[in-house]
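Each chain gets a letter, A, B and so on, in the order its sequence line appears, and its residues count up from 1.
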2 protein chains.
Amino acid sequence: MILTEGKTKHIECLEQMLPIRDALDVISGKWKMLILTSIMHGNRRFKEIETSIPKINPKVLSKELKDMEEHQLIKRVVHDEYPVLIEYIATDYSRTLKSVMMELHAWGVNHRKKILGQ
Amino acid sequence: MILTEGKTKHIECLEQMLPIRDALDVISGKWKMLILTSIMHGNRRFKEIETSIPKINPKVLSKELKDMEEHQLIKRVVHDEYPVLIEYIATDYSRTLKSVMMELHAWGVNHRKKILGQ
DNA sequence: CATACCGCTTACGTTAAGGTAACTGCTTAC
DNA sequence: GTAAGCAGTTACCTTAACGTAAGCGGTATG
């Protein structure tokens, strides 16, 4: 029955698309995955993260860090000491993004090779 | 030697970040991965793709299709027949994105579960 | 006590992404 | 011959992302 088949395909397709959009809502933009990479590499302090990412500026970094905290990808930790120390750390939840990041990285490496090879 | 270690870490971190940015340059935005999903599900014609993606409009679809053709993710095929028929088809190259899309999808499903569960 | 570092914020742009509505040229259907 | 479908385009507008430059309150350093 063609009508049913069409509808099924349509719904299947939507079920594929919507979670992809949900994921992209969280990770897309120029900076978030770079910031997460930086933090996962051991950079914890604002200045450390800032200098580890080429061309980022403090305003953008500040805003992205807030977004990422809302999405529970990082946690802002204030150490109440003499020179007040602030650290950003990756949450366990953010580690669920690791395979996404690895796939992005692998594809990016290949893509760059393809672009340069032309 | 601390200086060397710091520099190595820094470079390692950059080598992780730059390909991720390259990949995101190609796939990010609200629509590209949805369009690719639609095409991979068998939608080939402009109207088919348009109606398969909620809330997209023809202007945006047209622009994204052009971008994606430039990036060699799809091919626009004109069938020179009586009612001129135009089809968009996924390239072999676009299929290299499949694992990225699967990871995004899986993460998105999980993320939605987490958001709703709160 | 000037200078500089840290973790930002503020004010003020610019650019790009995305949206709305209407319309075009072509074809076929009633 | 009017209406409707296809594959878009055009003009116009809003929103959000991103960028620049400067500064601020605190601490520590010479």
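From the 5' end on, the contacts that DNA chain D makes with chain B at under 4.0 Å to a non-hydrogen atom open and close at dC6(D) to dC12(D).
By the side-chain hydrogen bond (donor to acceptor under 3.5 Å, both in side chains) test, T51(B) is found to be paired with no residue, residues two or more places apart in sequence or in another chain being considered.
Dense packing is recorded around NZ of K114(A), with more than 12 heavy atoms of other residues, nucleotides or ligands lying under 6.0 Å away. No more than 12 heavy atoms of other residues, nucleotides or ligands lie within 6.0 Å of CZ in R112(A), so this atom counts as exposed by the packing criterion.
Non-hydrogen atoms lying under 4.0 Å from DNA chain D are contributed by N57(A), K59(A), V60(A), K63(A), E64(A), all within residues 54-79 of chain A. Taking every heavy atom of residues 26-44 of chain A and every atom of DNA chain D, pairs under 4.0 Å involve G29(A), K30(A), W31(A), by number.
In this structure, K75(A) and M68(A) have side chains that are not in contact, with every pair of non-hydrogen atoms separated by 4.5 Å or more. When side chains are defined from C-beta on, L14(B) counts as touching P54(A), because their heavy atoms get closer than 4.5 Å. Counting heavy atoms from C-beta on, the side chains of E48(B) and Y88(B) never come closer than 4.5 Å. Within the 4.5 Å cutoff, side-chain heavy atoms of E50(A) are placed close to those of P58(A). Side-chain contact between M40(A) and K98(A) is present, with at least one heavy-atom pair separated by less than 4.5 Å.
A side-chain donor from one of S99(B) and E103(A) sits under 3.5 Å from a side-chain acceptor of the other. In summary, the side chains of H79(A) and E87(A) do present a donor paired with an acceptor at a separation below 3.5 Å, with no hydrogens or angles considered.
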Would you give me the side-chain donor-acceptor pairs under 3.5 Å for residues 26-37 of chain B, sequence neighbours excluded?
from: S28(B); atom 1: OG; to: L24(B); atom 2: O; distance (Å): 3.0
from: K32(B); atom 1: NZ; to: E64(B); atom 2: OE1; distance (Å): 3.2
from: T37(B); atom 1: OG1; to: M33(B); atom 2: O; distance (Å): 2.6

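Atom CD in E48(A) sits roughly 13 Å away from atom P in dC8(C) (whole-Å rounding).
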Check: protein-nucleotides 3-6 of chain C nitrogen or oxygen pairs below 3.5 Å:
from: dC6(C); atom 1: O3'; to: R45(A); atom 2: NH2; distance (Å): 3.1

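One distance of note links CG of L65(A) with CD1 of I49(A); it measures 5.5 Å at 0.5 Å rounding.
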